[in-house]
Structure formats: structure tokens, C-alpha cells
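Position 1 is the first residue of the sequence, and the numbers go up from there.
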Amino acid sequence: MTLMNLASIRLRTRAEGPGLRIAIWFQGCRRACPGCCNPEMQPLTACHLVPLDALTKRLEKEIESSPDIEGISLIGGEPVLQPAGAAGLARWAKTRGKTVLLFTGFLYEELRALPDEDVQELLSHTDLLVDGPFLQEQPDTRRSFIGSKNQRLWRLTDAYPEGIEYQGANHAMELRIKDHTIEVNGWPFDAATSYEPV
């Protein structure tokens, strides 16, 4: 049984890549990039331990009720630190005709060189890969779902046209109010704007 340590899931989002997507955040990252949007997802501690088969059954129901969902986005934290689970999700998505977008702090070349079968399987089922650490001193205000200028978008299949990252709003942010909490996903600030607590 493949068990994943997840931080959060959004079953319907337009802020985490092209089109309507399911976003899955993995818990744990060793990089601790200054200015990270998800610092609470950095600790390598147990958060929500979820079996892969249980999650895919839940996602199956979601795509059956929402056929307009075009893919999944694997985010973090760092999905590559849990390669078996990430690869299993990517493999499942492809069998359902959905696209896979992977965000990682690793460079694509580093991933290709890893002698890890799960990492290589994950890459083989990935359509779009955003690589490299987030650098807050290099904010990217032109590409819609990419955080800093050093990060590269790799089109590993022909599922999306060249330049897909320039389509749509510069950076999208979504707010959800649920059970007396506010959930935020997407890019929660613009480099040209500062926010002060009220």
C-alpha cells in the first residue's frame, strides 16, 4: 500500500495551472525558500496520511461528476520527496485522460539523473513540469502559474501548446470560506503590490 503525506487538496481550481484542475499539495520540503507561499507545508512531519487507492477512488468520483476537469496539479511542499505516491497519482490521471502538471524545486536535469524508478515513472506521466527553487528576489509577473523568473516550464508532451504559461491572468488567487476558516490558493500576492495587515 502506498501511503502519502498530504497537506491539502482542492478538487476544483483554476489557479494551479491551465484549465480546471484538481490540486494536490504534498507535505514536506527541504528547501525552505524564503518567501515560499506555503511555509506551513515545509516541515517533514505527518499531516494527512492518505492511501493512494483511497485518494484515487475519491478523485474518480470528482471527475465523474465534473467531466470538465482537465487534469491534476502536484504541488508542495515537494512532491518528488514522495515519488511513489506522486507517480501513482500521475499514472492514474493519465489512465483517465487527464493531464499532469508537476511543480518541483528540483531541476529537470537533476530528476532525469536520479536512479529512482518512481521518479522516472512520474516524469513519464507528466505533461508540464515547472522546475527550480522559488527565488523571491526574481518574481515572475508575466507567466500565469509560475512564481519566479528562474523557474522553467518543460512541456514533456504535446498536451499543451507552447506559451501556455502566458495565457490567462498573470497570477490567479482563489479564496474559500469554509467552517469559519479562509483557504487561499494560487499566487497570493503581486510583486508590485504590498499587503499590510488590517
Side-chain angles (χ1 to χ4, degrees), residues 1-31 37-38 40-108 110-112 114-132 145-146 151 153-160 164 174 183 185-186:
M1 178 178 71
T2 301
L3 197 63
M4 295 173 294
N5 185 19
L6 302 181
S8 186
I9 297 172
R10 295 286 181 280
L11 294 174
R12 296 174 61 87
T13 177
R14 293 188 181 277
E16 307 297 349
L20 184 63
R21 311 188 71 76
I22 296 171
I24 302 158
W25 283 266
F26 287 73
Q27 180 69 34
C29 181
R30 295 187 178 109
R31 293 187 183 274
C37 281
N38 303 316
E40 71 284 0
M41 297 179 190
Q42 292 177 6
L44 295 167
T45 55
C47 191
H48 301 288
L49 300 178
V50 181
L52 174 61
D53 59 346
L55 179 57
T56 56
K57 284 177 185 172
R58 174 64 184 94
L59 300 183
E60 190 77 41
K61 291 179 182 175
E62 190 63 28
I63 63 171
E64 285 174 3
S65 65
S66 302
D68 51 342
I69 291 173
E70 67 181 75
I72 65 171
S73 296
L74 306 178
I75 316 174
E78 175 56 73
V80 175
L81 293 182
Q82 300 181 55
L89 285 169
R91 181 176 58 248
W92 167 83
K94 299 307 283 184
T95 65
R96 300 306 185 267
K98 305 302 177 183
T99 60
V100 177
L101 168 56
L102 171 64
F103 291 88
T104 178
F106 290 93
L107 298 179
Y108 178 58
E110 293 173 322
L111 296 178
R112 294 291 300 170
L114 288 175
D116 185 308
E117 291 180 8
D118 291 324
V119 171
Q120 300 313 314
E121 183 180 7
L122 172 59
L123 293 177
S124 74
H125 294 314
T126 296
D127 297 290
L128 295 175
L129 174 92
V130 177
D131 78 345
F145 50 88
I146 299 175
Q151 294 174 317
L153 177 70
W154 296 84
R155 292 171 56 247
L156 303 183
T157 71
D158 293 328
Y160 291 100
I164 186 69
E174 295 172 341
E183 298 174 341
N185 72 290

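- Atom CG of Leu3 sits about 5.0 Å away from atom CE of Met1, to the nearest 0.5 Å.
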Criterion side chain to side chain contact (heavy atoms under 4.5 Å, CB included) on Ile9 and Leu55, from CA distance to verdict: CA-CA 10 Å; Ile9 297 172; Leu55 179 57; 3.6 Å; yes

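- Separating the CD1 atom in Ile22 from the CZ atom in Arg12 is a distance of 9.0 Å, to the nearest 0.5 Å.
- Remark: side-chain polar atoms of Thr56 are paired, donor with acceptor, to backbone N or O of Asp53 under 3.5 angstrom.
- Side chain of Asn38 to main chain of Met41: no donor-acceptor pair is present (N/O by atom type, distance under 3.5 Å, no hydrogens or angles).
- For the pair Arg31 and Phe106, the distance from NZ or CZ to the six-membered ring centre is under 6.0 Å and the angle to the ring normal is within 45 degrees.
- When side chains are defined from C-beta on, Leu44 counts as touching Arg30, because their heavy atoms get closer than 4.5 Å.
- Judged as a salt bridge (Lys or Arg N to Asp or Glu O under 4.0 Å), the pairs with a partner in residues 78-99 (not counting sequence neighbours) are, in order, Glu60-Arg96, Arg91-Glu121, Lys94-Asp127.
- Remark: the backbone N or O of Gly105 is not paired with any side-chain donor or acceptor of Asp131 at under 3.5 angstrom.
- Using modelled atom types, one finds no donor on one side chain facing an acceptor on the other under 3.5 Å when comparing Thr157 with Arg155.
- Here OH of Tyr108 is found 7.5 Å from CG of Leu129. Values are rounded to the nearest 0.5 Å.
- In this structure, Asp68 does not pair ionically with Arg21, as no charged nitrogen and carboxylate oxygen lie closer than 4.0 Å.
- Around CD of Glu117, the count of heavy atoms belonging to other residues, nucleotides or ligands within 6.0 Å does not exceed 12.
- Judged by distance alone, the side chain of Gln42 and the main-chain N or O of Gly77 form no donor-acceptor pair under 3.5 Å.
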Test log, rule side chain to side chain contact (heavy atoms under 4.5 Å, CB included), inputs Leu59 and Leu89: CA-CA 10 Å; Leu59 300 183; Leu89 285 169; 4.1 Å; yes

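- Note that CG of Leu6 is 8.5 Å distant from CG of Leu49, once rounded to the nearest 0.5 Å.
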Criterion side chain to side chain contact (heavy atoms under 4.5 Å, CB included) on Gln120 and Leu122, from CA distance to verdict: CA-CA 5 Å; Gln120 300 313 314; Leu122 172 59; over 6 Å; no

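- Here the rule is side-chain contact (heavy atoms from CB on, under 4.5 Å) with Thr126, and of Leu101, Val100, Leu111, Leu74 only Val100 fits it.
- Looking only at side-chain heavy atoms (C-beta outward), Ile164 and Leu128 come within less than 4.5 Å of each other.
- Distance check, rounded to the nearest 0.5 Å: OG of Ser73 to CD of Glu16 gives 6.5 Å.
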Test side chain to side chain contact (heavy atoms under 4.5 Å, CB included) applied to Leu20 and Glu70, step by step: CA-CA 6 Å; Leu20 184 63; Glu70 67 181 75; 5.6 Å; no

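- Note that CG of Leu11 and CD1 of Ile63 are 11.5 Å apart. Values are rounded to the nearest 0.5 Å.
- Between Phe145 and Phe103, the angle of the ring planes goes over 60°, which puts this pair in the perpendicular group of the 30/60° scheme.
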